[in-house]
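Throughout, a chain's letter reflects where its sequence line sits, starting with A, and its residues are numbered from 1.
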2 protein chains.
Amino acid sequence: MDIRQIEYFLSIVETGSFSAAADEHYISQSSLSKKIIALEKELGVPLFDRSKRKVFLTDAGEVFLEHARKIHLAHKAMIFDVAGSK
Amino acid sequence: MDIRQIEYFLSIVETGSFSAAADEHYISQSSLSKKIIALEKELGVPLFDRSKRKVFLTDAGEVFLEHARKIHLAHKAMIFDVAGSK
DNA sequence: TCAAATTACGGTCGACGTAAGGATC
DNA sequence: GATCCTTACGTCGACCGTAATTTGA
């Protein structure tokens, strides 16, 4: 699992859209989709329900979201502190 | 940054050795070394002092270590909770 | 039909392991 | 000389974007 995948996931949740999240990260819709599919495969559970026009989180997606936010913040703090220790 | 790199880093700290950590993760010493070098490059700071036979953490490495432990635990909790939500 | 996500495809870049090199003890 | 980390090198898999396909409104 890559930190970027977590950031992609968070962007999708914020925007409610794969394509909008892809734009935010300057990658193609296709690449983003594949990254999320790979993440779901790694976890063994689907994170999103794509059956509607707007994407919704599955139950597992909700659980993932809570942790994803924590890890994202922890990672940001890590970068900041490490850079400051130079 | 990949979660695996964090786990590699933690194994090196625990064992005090790149090669022992590589064995733990069933990858070659060479691959592990390259992963850590890539991590240091991404962070912009060296994490280890390799000038002695046993590897030592730099100041930045010590800072990274604190965060790495937190993120590792958060990741483990994430995997556990997501799997449990299936 | 329009918009949005997935799948197919081809090219390129990166990751891996083996083996050689350099350094420490 | 032995052990450990890094560099060189060749191969193979992964990632990316474009384009085609599928599906929901």
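For the pair A/Lys34 and B/Ser30, both in contact range of DNA chain D, the more 5′-proximal nearest nucleotide belongs to B/Ser30.
At whole-Å resolution of the value, NZ in A/Lys54 and P in C/dA5 are 11 Å apart. Residue A/Asp2 contributes atom CG, which lies 15 Å from atom P of D/dA14 at whole-angstrom precision. Straight-line distance from the CD1 atom of B/Ile36 to the P atom of D/dT6: 9 Å, rounded to whole Å. Taking atom CG of residue B/Asp23 and atom C1' of nucleotide D/dC4, one finds them 12 Å apart after rounding to whole Å. We find that NZ of A/Lys41 is positioned 9 Å from P of D/dA14, with the value rounded to whole Å. Nucleotide D/dA14 holds its C1' atom 15 Å from the CD1 atom of A/Ile37, rounded to whole Å. As a whole-Å value, the separation of A/Leu39 CG from D/dC15 P is 12 Å. If you measure from atom CZ of A/Arg4 to atom P of D/dC15, you get 12 Å, rounded to the nearest angstrom.
Within the structure, a side-chain polar atom (N or O) of B/Gln29 is placed less than 4.0 Å from OP1 or OP2 of D/dC5. In this model, the phosphate group of C/dT6 is approached by a side-chain N or O of A/Ser33 to a distance below 4.0 Å at OP1 or OP2. Dashed line: the shortest gap from a side-chain N or O of A/Arg50 to OP1 or OP2 of C/dA4 is not under 4.0 Å. Put simply, A/Ser31 has a side-chain N or O that comes within less than 4.0 Å of OP1 or OP2 on D/dG17.
Remark: side-chain polar atoms of A/Gln5 are paired, donor with acceptor, to backbone N or O of A/Lys35 under 3.5 angstrom. With hydrogens and angles ignored, the 3.5 Å screen pairs no side-chain donor or acceptor of A/Glu7 with any backbone N or O of A/His72. A donor-acceptor pair is defined here as one N or O able to donate and one able to accept, closer than 3.5 Å; such a pair exists between the side chain of A/Thr58 and the backbone of A/Pro46.
Salt bridge B/Arg4/A/Glu42: absent, no basic N to carboxylate O contact under 4.0 Å.
Closest approach of A/Gly16 to A/Val55, counting heavy atoms only: O-CG2, 3.3 Å. A pairwise comparison of heavy atoms in B/Ser11 and B/His25 identifies OG-NE2, 2.8 Å as the closest pair. Closest approach of A/Ala21 and A/Ile12 over heavy atoms only: CB-CG1, 3.6 Å. Of all non-hydrogen atoms in B/Met1 and B/Leu43, the two that sit nearest each other are CE-CD2, 4.0 Å.
As judged by a 4.0 angstrom heavy-atom cut-off over every strand, B/Ile27 is placed among residues touching the sugar-phosphate backbone only. Among the protein residues, B/Arg53 comes within range of the nucleic acid bases, having at least one heavy atom under 4.0 Å from a base atom.
Put simply, the side chain of B/Phe80 does not reach to within 4.5 Å of the side chain of A/Val63, judged on heavy atoms.
Taking a 4.0 Å limit (strictly below) on heavy-atom distances, residues 5-20 of chain A does not reach DNA chain D anywhere.
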Under the criterion side-chain hydrogen bond (donor to acceptor under 3.5 Å, both in side chains), I'd like the reasoning laid out for A/Ser17 against A/Ser19: C-alpha separation, chi angles, the key distance, then a yes or no. CA-CA 6 Å; A/Ser17 151; A/Ser19 48; 3.0 Å; yes

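For the helix from C/dT1-D/dA25 to C/dC25-D/dG1, the terminal axes (five pairs an end, C1' atoms, rotation from four pairs onto the next four) enclose an angle of 40°, given to 10 degrees.
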